[in-house]
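First up is the structure itself, then whatever we jot down about it.
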Amino acid sequence: MIKKVSLRSFRNHSKLDLEFDNKFVYINGPNGSGKTSVLEAIHYISTTKSHRTNNDVDVIKNEQPFAVIKIDTEKKKYSMVISDKGKIPSINSKEIRKLSDVIGDLKVIMFAPEDLNIIKGSPSVRRGLIDLELMKIDKEYLSNLSVYKNILKQRNAHLKNLGLNDDLTILNILGKQLYDVGIKLMSKRNEFINKLNIETKNVYQRFSEYKIDVVYEPNLNNEMFLNHIENNQKQDILYKTTVNGPHRDDFVIMFNDKNAKNSSQGETRLMVVALKLGLLKVIKSEVNDEVILLLDDVLSELDNNVQNKFLNELPDDVQVIMNSAIKIKSDKIQIINLKENDNERP
Ligand SMILES: Nc1ncnc2c1ncn2[C@@H]1O[C@H](COP(=O)(O)OP(=O)(O)OP(=O)(O)O)[C@@H](O)[C@H]1O
Ligand SMILES: [Mg+2]
């Protein structure tokens, strides 16, 4: 359980110190008061990245040299210093050199409005999700993924200067290496998405009478991938890049047996929320560690009925940190109010 979040020069917060004393924390405040930023900071500690920008310096408060995030759980103290020179994480005051050693140490599952792109957006969004989530539970996947990306880069660089009549020895060696590690990624993705499908269906059932399916769509199956690498090099040489492979994988969400991409905003939100709660289940079952659920603005666009159902159906075996501009009242929930344009806690 997270007990404390301290931010220095992070987004609009010059100095913010929050203490959580409950399994269910609700951060309330007007638009722009920095609610999302608090969740973003927790997510940053978990993944070493922001969920809403690829540019690390965006999170540093304007005109400031660096940002600091500190998070205390019951067991550990995490911190991250972010500057234009990079980011330095520590756990229990010990600096961690390799970012990959920090990723997933604190386990969070986040729902953010950006996640609606999982349904409406391009395959790369969905691949990003699968890779990010698998990284949290499977260090081998993380290292295989980085090996794969590395070989792919080399192979593509090699293809840039290769003609149809050139010697293909190096291309074939790189191709075989790509295949060997690529099929490991595919097999993990397949296993993971099957589990995710089961859990997501289960959750979704509680909110809706409709049916949802999560289906892995590998770009190539193993046999086709091998064939592509061994016999179909011509295509890659012509296009000067590795046209096919797991780097083009996708998964699709089906709503009543149709691709969900044409669903309404509320339906989409509910599906993504179900997917995230499903993810939470899968990850909890895979790791022997607590997982924290972050819900950014999850209530908007859901009708009252679904909002209430949602609040009642939230898992009670994990800490849930949620924010919204909607005011709620409850004795069971810790409510934190952020003030407009105010950097200090009131
Ligand atoms: N690097 C930065 N430096 C200073 N302020 C920033 C920086 N980045 C973002 N902001 C501002 O921080 C404020 C807080 O943003 P945040 O998204 O956390 O608000 P929010 O409370 O979640 O709002 P909403 O209810 O609209 O979702 C915004 O006013 C934004 O313009
Ligand atoms: Mg917000």
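Whatever order the structure lists ligands and atoms in, that order sets their numbers, starting from 1. Since this is a predicted model, take the numbers as computed values, not measurements. Numbers for residues simply follow the sequence, beginning at 1.
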Short N or O distance, [X] and ligand 1, threshold 3.5 Å exclusive:
X	value
Asp297	no
Gly32	yes
Val59	no

- Query: For Ser33, is the nearest heavy atom under 4.0 Å from an atom of ligand 1?
  - Reply: yes
[X] heavy atoms, cut-off 4.0 Å: which ligand 1 atoms fall inside?
X	value
Thr36	17 (O), 18 (O), 20 (P), 22 (O), 27 (O)
Pro30	21 (O)
Gly34	14 (C), 16 (P), 18 (O), 19 (O), 20 (P), 21 (O)

| request: Give a yes or no on whether Ser37 keeps an N, O or S atom under 2.8 Å from the Mg ion (ligand 2). | output: no
Of Asn323, Asn62, Asn28, the one whose closest heavy atom lies nearest atom 2 (C) of ligand 1 is Asn62
Check: of Glu63, His13, Arg11, Lys35, min heavy-atom distance to atom 6 (C) of ligand 1 comes from Arg11
Between [X] and [Y], is any side-chain donor less than 3.5 angstrom from a side-chain acceptor?
X	Y	value
Asn219	Asn244	yes
Thr53	Asn55	no
Gln233	Asn172	yes
Ser90	Glu95	no
Tyr216	Asn194	no
Tyr26	Asn337	no

Does the pair Lys176/Asp180 count as a salt bridge with the N-to-O cut at 4.0 Å? yes
When you check the gap from the basic side-chain N to the acidic O, do Glu199 and Lys195 get nearer than 4.0 Å?
-> no
Applying a 4.0 Å heavy-atom criterion (strictly less than), which segment of [X] is in contact with ligand 1: side chain, backbone, both, or neither?
X	result
Ser37	both
Arg52	side chain
Ile60	backbone
Val38	neither

Between Lys276 and Met110, the two heavy atoms sitting closest are NZ-O, 2.7 Å
